[in-house]
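All remarks here apply to the structure that follows.
One is the number of the first residue; the rest follow in order along the sequence.
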Amino acid sequence: MSKDHTKFIKALEEIGLDLNEAKLNQFDEYYELLVEWNKVMNLTGITEYDEVILKHYIDSLAINTAIDMSKVEKLIDIGTGAGFPGLPLKIAYPHINVDLLDSLNKRIKFLNEVITSLGLQNINAMHGRAEDYAKQPKHREQYDMCVSRAVANLATLSEYCLPYVKVGGYFVAFKAGNVEEELNASKNAIKILGGEIESVKEITLPMSDITRTFIIIKKISSTKNKYPRKAGLPAKEPLN
């Protein structure tokens, strides 16, 4: 069923993106699958078309306002859930090789269905924990960028994510609300893990009063082999 893309196109323009009809249709197909699968498993509490466009798609793609995605070649999304932000980024930037990592296998089945239905290439949905995959040589320090919209404090997220990023690459954390306190509390952890906060960019999502903050962390040195610590520890005892 064809959707009215007027609001979607306007919101995309406001974040500096122009997507062709084929990509817009891929987003619609993703939406249909999301709503269908959401009836039998908990993927999202947001199911209205315009809400999904704004709070999932535009929110994921708004990273474009903080960093030049055209230069990213290899990206991993940690704790991807229903595919955000990694899947929208793959649709908008087909040149990027994308890995989606989630600890819940039924979400991986959903993601594989979307990948197959949309005919996406060079994208993998992986089932497992961030702490385990980060120890594998084919994933450790192999990515230009790691992104995460997962809900965890920045010190914990950095321990999950920075081990995947190659030196010179970036970890971008998607955050909501005031991040000042969290930034201050995580500075030392980020340094221990080989990162450095390069910038913080806050935007208001188009046609809304929703604010999104991107914390852009540059990888300046290799992460010591002991990080991330064993499963569960980064969340229970964040580095400080």
Shortest non-hydrogen contact from [X] toward [Y]:
{"X": "Y227", "Y": "T223", "value": "CB-CG2, 3.8 Å"}
{"X": "I15", "Y": "P206", "value": "CG2-CG, 3.9 Å"}
{"X": "R129", "Y": "A231", "value": "NE-CB, 3.4 Å"}
{"X": "Q26", "Y": "L120", "value": "NE2-CD2, 3.7 Å"}
{"X": "C146", "Y": "V165", "value": "CB-CG2, 3.6 Å"}
{"X": "N42", "Y": "N38", "value": "C-OD1, 3.9 Å"}

Value rounded to 0.5 Å, distance of [atom1] in [X] from [atom2] in [Y]:
{"X": "I203", "Y": "I63", "atom1": "CD1", "atom2": "CD1", "value": "10.5 Å"}
{"X": "K166", "Y": "M145", "atom1": "NZ", "atom2": "CE", "value": "12.0 Å"}
{"X": "L111", "Y": "K106", "atom1": "CG", "atom2": "NZ", "value": "13.0 Å"}
{"X": "S148", "Y": "L101", "atom1": "OG", "atom2": "CG", "value": "9.5 Å"}
{"X": "L24", "Y": "E29", "atom1": "CG", "atom2": "CD", "value": "13.0 Å"}
{"X": "T80", "Y": "I76", "atom1": "OG1", "atom2": "CD1", "value": "10.0 Å"}

Hydrophobic cluster identity match, [X] and [Y], side-chain contacts under 4.5 Å:
{"X": "V52", "Y": "F110", "answer": "yes"}
{"X": "I91", "Y": "V35", "answer": "yes"}
{"X": "F214", "Y": "V151", "answer": "no"}
{"X": "I197", "Y": "I216", "answer": "no"}
{"X": "Y170", "Y": "I215", "answer": "no"}

For residues [X] and [Y], determine if any side-chain heavy atom of one lies less than 4.5 Å from a side-chain heavy atom of the other.
{"X": "I9", "Y": "D18", "value": "no"}
{"X": "L61", "Y": "L17", "value": "yes"}
{"X": "E113", "Y": "T116", "value": "no"}
{"X": "H56", "Y": "I46", "value": "yes"}
{"X": "V172", "Y": "I217", "value": "no"}
{"X": "Y133", "Y": "R140", "value": "no"}
{"X": "I96", "Y": "E73", "value": "no"}
{"X": "D99", "Y": "I123", "value": "no"}

State whether [X] and [Y] are salt-bridged, where the test is any N-O pair (Lys NZ or Arg NE/NH1/NH2 against Asp/Glu carboxylate O) under 4.0 Å.
{"X": "E202", "Y": "R212", "value": "no"}
{"X": "R149", "Y": "D59", "value": "yes"}
{"X": "K175", "Y": "E182", "value": "yes"}
{"X": "E141", "Y": "K219", "value": "yes"}

Might you work through the salt bridge (charged side-chain N to carboxylate O under 4.0 Å, His left out) test for K10 and E14, ending with a clear yes or no?
CA-CA 6 Å; K10 187 172 185 303; E14 286 191 35; 3.1 Å; yes
Residue pair N122 / H95, side-chain donor-acceptor N/O under 3.5 Å
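No, no side-chain donor-acceptor pair sits under 3.5 Å.
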If you apply the rule side chain to side chain contact (heavy atoms under 4.5 Å, CB included), what do you find for V147 with L75, and how did you get there?
CA-CA 8 Å; V147 291; L75 175 146; 4.0 Å; yes
Please check this pair: side chain of [X] against backbone of [Y], looking for a donor-acceptor N/O pair closer than 3.5 Å.
{"X": "Y164", "Y": "A130", "result": "yes"}
{"X": "T65", "Y": "A62", "result": "yes"}
{"X": "S60", "Y": "F84", "result": "no"}
{"X": "N153", "Y": "A155", "result": "yes"}
{"X": "S208", "Y": "L205", "result": "yes"}
{"X": "N188", "Y": "N240", "result": "yes"}

After noting the C-alpha distance and the side-chain angles of Y57 and Y30, does the key distance pass the ring pair (Phe, Tyr, Trp, His ring centres under 6.0 Å) rule?
CA-CA 10 Å; Y57 296 169; Y30 184 5; 5.5 Å; yes
Is the number of heavy atoms from other residues, nucleotides or ligands under 6.0 Å of K7 NZ greater than 12?
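Open.
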Identify whether NZ of Lys or CZ of Arg in K3 sits under 6.0 Å from the centre of the six-membered ring of Y31 and within 45° of that ring's axis.
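No, a cation-pi geometry is absent between K3 and Y31.
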Quick check with a 6.0 Å cut-off and a 45 degree axis cone: is K74 positioned over the face of Y143's six-membered ring?
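Relative to the ring axis of Y143, which defines the angle, K74 lies inside both limits.
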Report the C-alpha distance between S103 and H127 in whole Å, list the side-chain angles of each, state the deciding distance to 0.1 Å, and finish with yes or no for side chain to side chain donor-acceptor pair (under 3.5 Å).
CA-CA 5 Å; S103 59; H127 173 234; over 6 Å; no
L193 vs I190, test: side chain to side chain contact (heavy atoms under 4.5 Å, CB included). Steps then yes/no.
CA-CA 5 Å; L193 295 158; I190 289 165; 5.7 Å; no
For M207 and L54, run side chain to side chain contact (heavy atoms under 4.5 Å, CB included): C-alpha distance rounded to whole Å, both residues' side-chain angles, the deciding distance at 0.1 Å, then the answer.
CA-CA 9 Å; M207 297 177 279; L54 178 68; 5.7 Å; no
Take K230 and E131, measure what salt bridge (charged side-chain N to carboxylate O under 4.0 Å, His left out) needs, and give me the verdict at the end.
CA-CA 6 Å; K230 67 181 183 183; E131 300 97 320; over 6 Å; no
Given side chain to side chain contact (heavy atoms under 4.5 Å, CB included), test D28 with H5 step by step and report yes or no.
CA-CA 9 Å; D28 286 349; H5 294 142; 2.6 Å; yes
